[in-house]
Amino acid sequence: MNSTAASIGHESHGHHGPVLQYQPGLPLSRGKLIMWLFLSTEIMFFAALLGSYVVLRFGAAVWPKPHHVHLSEPIGAFNTFVLICSSVTVVLALEAARANKRSLAKTWMLVTLVLGSLFLGVKAYEYSSKFDHGIYPWAPRGRIYERPDLYYGSAVRARLSDPAILAKMKELDARPEGELSDAELTGRRRLKQVRDMVNNPNQQAFDLAVVADQIMPLPGEGSDGHGHGGGLNDTFGWLQLPAVIPGGNMWASTYFFLTGFHAIHVIVGLIVFGILLLYELGPKRAGMIENAGLYWHFVDLVWIFLFPLLYLF
Amino acid sequence: MNNSETDSSSNVTHGPVTSHGELPEEIQTGGEDGEQSHEAHGGMMQYMAVFVALCFLTTMSFLTYSSYWPWKDEPQVGWAFMMAVSCTKALLVVLFFMHVLWEANWKYVLTIPAAMMAIFLAIMLIPDIGLRNRMVSQERALHMARGSDVLLLEKAASADSSDEVGKHEH
């Protein structure tokens with residue numbers, strides 16, 4: 001084969017010496033080939049993450065319901081919709097670039113960028129609602145307890161004997177009733193009861209369950225977990241008492257790990273789109289847009305599985 | 001050797017043989033050829049149809065929450081349904097948006113082994129992680145959440161409508 005190609009080269013460019021013909025192994029550009037190879041490693045990366053999640057979840061004795069951990073299904077569905085829309089716009093940008101409609105391609109690319117940013121914004125809002133309820137991917141992790149047991153009781157007691165908290169509670173007790181809102185009045189009464197309960201040497205398991213419920217009740221089904229009041233931690237933000245979510249720690253680890261890695265992928269995609277926006281998006285850039293699009297569709301794909309696994313199961 | 005003729009004829013259509021190991025122009029930039037083959041598929045209407053299907057399927061996952069869902073007591077049915085919906089959505093994205101439907105056979109080489117390894121990976125986690133609660137030390141069992149804890153908390157929540165807390169005090 002080589003000798004044939006060489007001989008042809010010799011015939012056509014006699015004075016240049018032999019020229020070898022390059023035959024691509026696959027009928028696609030190098031950029032696209034590399035992108036697909038990269039995506040096949042990404043399939044395994046996310047499959048490992050999702051697989052671990054599924055195995056951890058179904059192997060756990062107790063796993064929190066989505067509303068127990070303040071997950072809102074409609075918000076998750078909205079984010080799914082946003083990502084699907086952005087997948088469509090990136091395809092439209094590619095089509096426009098191929099048809100040499102440069103400004104249209106740029107507009108679609110910009111819309112994709114905006115939709116991706118919207119997804120991240122919603123995600124940030126969701127994260128902040130977890131942080132508000134003491135669920136963190138980092139310190140202080142110790143605020144979530146698995147069971148309303150003696151260890152939990154002593155953790156609440158320890159927090160309530162913190163000098164700064166004692167001072168705040170003294171301040172609260174000193175305030176006249178007229179100054180306090182209804183929620184604060186109820187909260188003050190509940191806080192006193194919680195203090196009595198955790199300090200009671202004859203406390204029983206059910207007392208501690210009541211304490212946990214007073215501090216941060218597990219929201220019922222249908223509650224969106226946002227602006228949820230009623231718990232002492234919600235009424236008095238400075239309290240930050242330990243809360244009980246059975247299975248909550250493992251849930252938090254998997255949730256932040258999965259959505260965090262997905263969010264990193266979204267950020268990378270947005271950077272790529274930002275760079276693409278600097279260029280004229282004509283047919284010459286179609287290959288670049290296609291590769292960026294392939295990556296973006298993959299990010300969408302991961303979310304298509306993450307959404308039901310995290311929000312609906 | 002006998003295909004030297006075809007080679008030379010393809011040379012004519014593809015222009016001169018490149019000496020830098022570069023791809024022919026139309027493959028590298030997705031130029032004319034790519035565009036022509038592209039016009040055969042895709043198209044606005046098709047993308048919109050896929051988009052509508054994806055939105056419809058996303059709404060379908062909510063069906064398991066509605067009162068019309070008949071298998072409320074068997075969550076496994078709902079899970080299987082939602083996974084089927086997700087797989088359908090994923091398939092639509094891969095086939096139409098990622099243009100895999102129109103790619104050559106290399107697509108199987110890249111996707112099938114990766115998918116198989118992904119499945120094996122999850123299966124291999126089952127003995128050590130999935131079944132980790134089958135045998136645990138007593139010490140660990142003491143700190144593990146159980147179904148009874150959830151029941152206890154739910155009971156506490158229903159019992160203590162704020163004003164009745166005093167009743168449970170000693």
Side-chain angles (χ1 to χ4, degrees), chain A residues 4-5 8-9 19 21-22 24 26-27 29 36 40 43-44 47-48 51-52 54-56 58-59 61-62 77 80-81 84 87-88 91 95 98 146-148 186 190 193 196-197 200 202 205-207 209-210 212-213 217-218 244 246-247 284 286-287 290 294 297 300-301 304-305 308 312-313, chain B residues 1 4 7-8 11 16-19 21-23 27-30 35 38 42 47 51 54-55 58 61-62 64 79 82 86 89-90 93-94 97-98 104 106 110-111 114-115 117-118 121-122 125-126 129-133 143-147 149-150 152-153 156-157 160 162 165 168-170:
Chain A
T4 319
I8 296 160
V19 180
Q21 182 172 17
Y22 176 82
L26 293 171
S29 75
W36 270 106
S40 67
I43 291 173
M44 286 183 270
S52 314
V54 169
V55 170
L56 281 169
F58 288 100
V62 178
T80 311
F81 177 70
I84 290 173
S87 261
V88 176
V91 166
E95 293 291 310
R98 277 182 173 152
E146 294 285 309
R147 338 179 44 198
T186 320
R190 284 178 170 188
Q193 286 161 349
D196 290 345
M197 276 180 170
N200 182 357
N202 300 317
F206 191 69
D207 292 344
V210 172
D213 184 64
L218 293 183
V244 176
K284 272 210 144 176
E290 189 180 10
L294 283 174
H297 297 313
D300 182 17
L301 213 64
I304 283 175
F305 284 103
L312 303 175
F313 265 43
Chain B
M1 281 302 160
S4 66
D7 268 9
S8 60
N11 250 0
V17 172
T18 55
S19 54
E22 299 262 330
L23 287 184
I27 292 176
Q28 200 158 45
T29 56
E35 246 177 279
H38 191 77
Y47 290 137
F51 173 67
L54 286 172
C55 290
T58 308
S61 352
F62 269 93
T64 49
W79 296 336
M82 279 186 280
S86 285
K89 280 164 77 179
V93 170
V94 170
F97 289 170
M98 294 172 94
W106 60 263
L110 279 181
T111 50
M117 281 176 68
L121 224 147
L125 290 168
I126 291 174
I129 297 171
L131 305 177
R132 69 193 182 285
N133 290 331
H143 299 283
M144 262 169 47
R146 298 165 207 172
D149 293 320
V150 182
L152 198 66
L153 286 167
D160 104 292
S162 63
V165 183
H168 307 295
E169 254 184 290
H170 293 272

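Proteins come first, then strands; the chains are lettered A, B, ... in the order of their sequence lines, and each starts at number 1.
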Selection from Val244(A), Val55(A), Val88(A) maximising heavy-atom pairs under 4.5 Å formed with chain B =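 Most heavy-atom pairs under 4.5 Å with chain B: Val55(A).
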So, taking the atom named [atom1] in [X] and the one named [atom2] in [Y], what distance separates them when rounded to the nearest 0.5 Å?
X         : Y         : atom1 : atom2 : value
Leu218(A) : Leu153(B) : CG    : CG    : 5.5 Å
Leu54(B)  : Thr80(A)  : CG    : OG1   : 11.0 Å
Ile126(B) : Phe58(A)  : CD1   : CZ    : 11.0 Å
Ile43(A)  : Leu110(B) : CD1   : CG    : 8.0 Å

query = Can you check whether Arg147(A)'s main-chain N or O pairs, donor with acceptor, with Arg146(B)'s side chain at less than 3.5 Å?
reply = no
task = Determine yes or no for a side-chain-to-main-chain donor-acceptor pair under 3.5 angstrom, with Asn133(B) supplying the side chain and Gly59(A) the backbone.
result = yes
key: Full working for side chain to side chain contact (heavy atoms under 4.5 Å, CB included) between Leu312(A) and Thr64(B)   = CA-CA 9 Å; Leu312(A) 303 175; Thr64(B) 49; 5.6 Å; no
ask   = Of the backbone (N, CA, C, O) and the side chain (C-beta and beyond), which part of Ala90(B) lies under 4.5 Å from a heavy atom of chain A, both, or neither?
value =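 Both parts, heavy atoms under 4.5 Å.
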message = Taking CE in Met44(A) as the centre, count heavy atoms belonging to other residues, nucleotides or ligands within less than 6.0 Å. Is the count above 12?
response = yes
Give the minimum heavy-atom separation between [X] and [Y], together with the two atoms involved.
X         : Y         : value
Ala209(A) : Leu152(B) : CB-CG, 3.7 Å
Ala61(A)  : Met144(B) : CB-CE, 4.3 Å
Ala156(B) : Asp213(A) : O-OD2, 3.9 Å

query = Residues in side-chain hydrogen bond (donor to acceptor under 3.5 Å, both in side chains) with Thr58(B), at least two apart?
reply = Lys89(B)
ask   = Tell me, side chain or backbone of Phe81(A) under 4.5 Å from chain B's heavy atoms, or both, or neither?
value = side chain
message = Under 4.5 Å from any heavy atom of chain B, what part of Leu301(A) do you find: side chain, backbone, both or neither?
response = side chain
message = When you compare the side chain of Pro308(A) with that of Ser86(B), does any pair of heavy atoms fall below 4.5 Å?
response = yes
request  = Would you mind reporting whether Ser52(A) and Ile129(B) have side-chain heavy atoms less than 4.5 Å apart?
outcome  = no
inquiry  = If we define contacts as heavy-atom pairs under 4.5 Å, which of Ala122(B), Gly147(B), Gly130(B), Ala118(B) has the most with chain A?
reply    = Gly130(B)
